[in-house]
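Chain A is the first sequence line, chain B the second, and so forth, proteins listed ahead of strands; every chain is numbered from 1.
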There are 2 protein chains.
Amino acid sequence: MKILFHPDRADIHLSSVLYALSDPIRLYLVDTIYKSGERTCGDIEVPVVKSTVSHHARTLREAGIVHVRMQGTQRFLSIRTEDLEARFPGLLDAILKAHQTSGETIPFTTD
Amino acid sequence: MKILFHPDRADIHLSSVLYALSDPIRLYLVDTIYKSGERTCGDIEVPVVKSTVSHHARTLREAGIVHVRMQGTQRFLSIRTEDLEARFPGLLDAILKAHQTSGETIPFTTD
DNA sequence: TCAATTGTTCGATTATGATAGAACATTCAA
DNA sequence: TTGAATGTTCTATCATAATCGAACAATTGA
């Protein structure tokens with residue numbers, strides 16, 4: 001069982017967080033996972049192939065936004081809300097609220 | 001006198017804003033301008049040449065983050081705080097506060 | 001008019017990243 | 001043990017963008 005790298009709370013950088021969330025697909029993933037608490041990669045319908053989803057999941061994990069828990073062949077993603085709130089108070093809330101009210105969506109998904 | 005394009009409030013997109021602010025130099029520019037109300041491009045010391053600053057200023061303008069006022073040969077930049085607050089309440093505050101407490105800085109500047 | 005100031009634009013280079021597809025790894029159930 | 005399910009990794013492609021330097025444009029003052 002391979003150990004996945006997760007940055008320490010103190011090593012979460014604002015630029016990386018903003019960059020990671022500036023991609024519409026990643027932002028959609030984060031919003032969805034945030035609402036449901038925990039989700040697997042393949043569980044969320046997005047208009048890209050699984051290798052691309054895997055790449056996005058890695059970007060989010062290395063930015064310190066999501067935690068990945070392995071169970072069997074599945075990876076359960078959850079948002080590192082406590083770490084993010086401690087490091088950048090109010091940031092995630094503001095971004096997700098902005099996303100929800102913006103009406104921005106991703107192409108070619110029925111959602 | 002050339003007219004500069006500024007997106008309407010409704011055309012400011014979250015992804016573009018987050019992307020624009022994910023660059024450390026642009027974030028530093030925004031933070032500096034925010035504090036002083038209005039600044040010219042060349043007025044802010046950053047470790048890149050002026051053509052690059054110009055490029056960053058354009059990115060911020062086209063994302064809807066800054067307004068550019070022309071006066072003589074100078075361009076005065078200001079943050080579109082009202083538009084941003086109306087479109088994404090609390091977002092800019094959270095990002096700038098995060099930036100200020102993060103201690104993240106840009107390379108090779110005395111500042 | 002001439003030169004200095006301020007900034008933009010253009011061309012080139014270089015790096016990064018989003019994407020897809022194929023091959024591979026791991027786990028679990030039949 | 002075999003096969004299905006779930007993801008990762010590798011390779012390749014394509015687009016975007018950060019950067020610099022040089023040329024250009026506009027304004028202002030001498």
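- Proximity of Y28(A) to T105(A): side-chain heavy atoms (C-beta onward) are nowhere separated by under 4.5 Å.
- T32(A) is linked by a side-chain hydrogen bond (donor to acceptor under 3.5 Å, both in side chains) to nothing, counting only residues two or more places apart in sequence or in another chain.
- Side-chain contact between R80(B) and P7(B) is present, with at least one heavy-atom pair separated by less than 4.5 Å.
- Under a 4.5 Å side-chain heavy-atom criterion applied to ILVMFWY residues, the cluster that includes F76(B) comprises that residue alone.
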Could you write out each protein N or O paired with an N or O of nucleotides 9-16 of chain D at a distance under 3.5 Å?
| unit_1 | atom_1 | unit_2 | atom_2 | d |
| --- | --- | --- | --- | --- |
| dT9(D) | OP1 | K2(A) | NZ | 2.6 |

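- The nearest whole Å value for the distance from the CZ atom in F76(A) to the C1' atom in dA5(D) is 13 Å.
- Straight-line distance from the CD atom of E62(B) to the P atom of dT8(C): 12 Å, rounded to whole Å.
- Taking for each of V49(A) and A57(B) the nucleotide of DNA chain C with the nearest heavy atom, the 5'-most of the two is the partner of A57(B).
- Rounded to an integer number of Å, the gap from CG of D23(A) to P of dA17(D) is 12 Å.
- Legend: residues meeting side-chain contact (heavy atoms from CB on, under 4.5 Å) with S54(A), ordered by chain and number and at least two apart, are absent.
- The distance from atom CG of L27(A) to atom P of dA18(C) is 13 Å, rounded to the nearest whole Å.
- Looking at which nucleotide of DNA chain D each of G72(B) and D43(A) is closest to, the 5′-most match is held by D43(A).
- Atom CD1 in I25(A) sits roughly 16 Å away from atom P in dG17(C) (whole-Å rounding).
- If you check dA18(C), dA18(D), dT8(C) against the side chain of R75(B), the one that comes closest is dT8(C).
- In this structure, L4(B) places its CG atom 13 Å from C1' of dA26(D), rounding to the nearest Å.
- Note: CG (L60(B)) to P (dA18(D)) measures 10 Å, nearest angstrom.
- Neither OP1 nor OP2 of dG17(C) sits under 4.0 Å from any side-chain N or O of H56(A).
- Residue V48(B) places its side chain closer to dC20(D) than to any other of dC20(D), dT26(C), dT5(C).
- For R26(A), a side-chain nitrogen or oxygen approaches OP1 or OP2 of dA18(C) to under 4.0 Å.
- The side chain of Q74(B) sits closest to dG7(C) out of dA18(C), dA5(D), dG7(C).
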Side-chain polar contacts of residues 86-101 of chain A - donor-acceptor pairs under 3.5 angstrom, sequence neighbours left out - could you list them?
| unit_1 | atom_1 | unit_2 | atom_2 | d |
| --- | --- | --- | --- | --- |
| R87(A) | NE | R9(A) | O | 3.3 |
| R87(A) | NE | I12(A) | O | 2.9 |
| R87(A) | NH2 | I12(A) | O | 3.3 |
| Q100(A) | NE2 | D31(A) | OD1 | 2.9 |
| T101(A) | OG1 | K97(A) | O | 3.2 |
| T101(A) | OG1 | A98(A) | O | 3.3 |

Please list, one pair per line, the donor and acceptor atoms closer than 3.5 Å that link side chains of residues 56-66 of chain B to other protein atoms, with sequence neighbours excluded.
| unit_1 | atom_1 | unit_2 | atom_2 | d |
| --- | --- | --- | --- | --- |
| H56(B) | ND1 | R26(B) | NH1 | 3.1 |
| R58(B) | NE | E62(B) | OE2 | 3.0 |
| T59(B) | OG1 | H55(B) | O | 3.1 |
| R61(B) | NH1 | F5(B) | O | 2.7 |

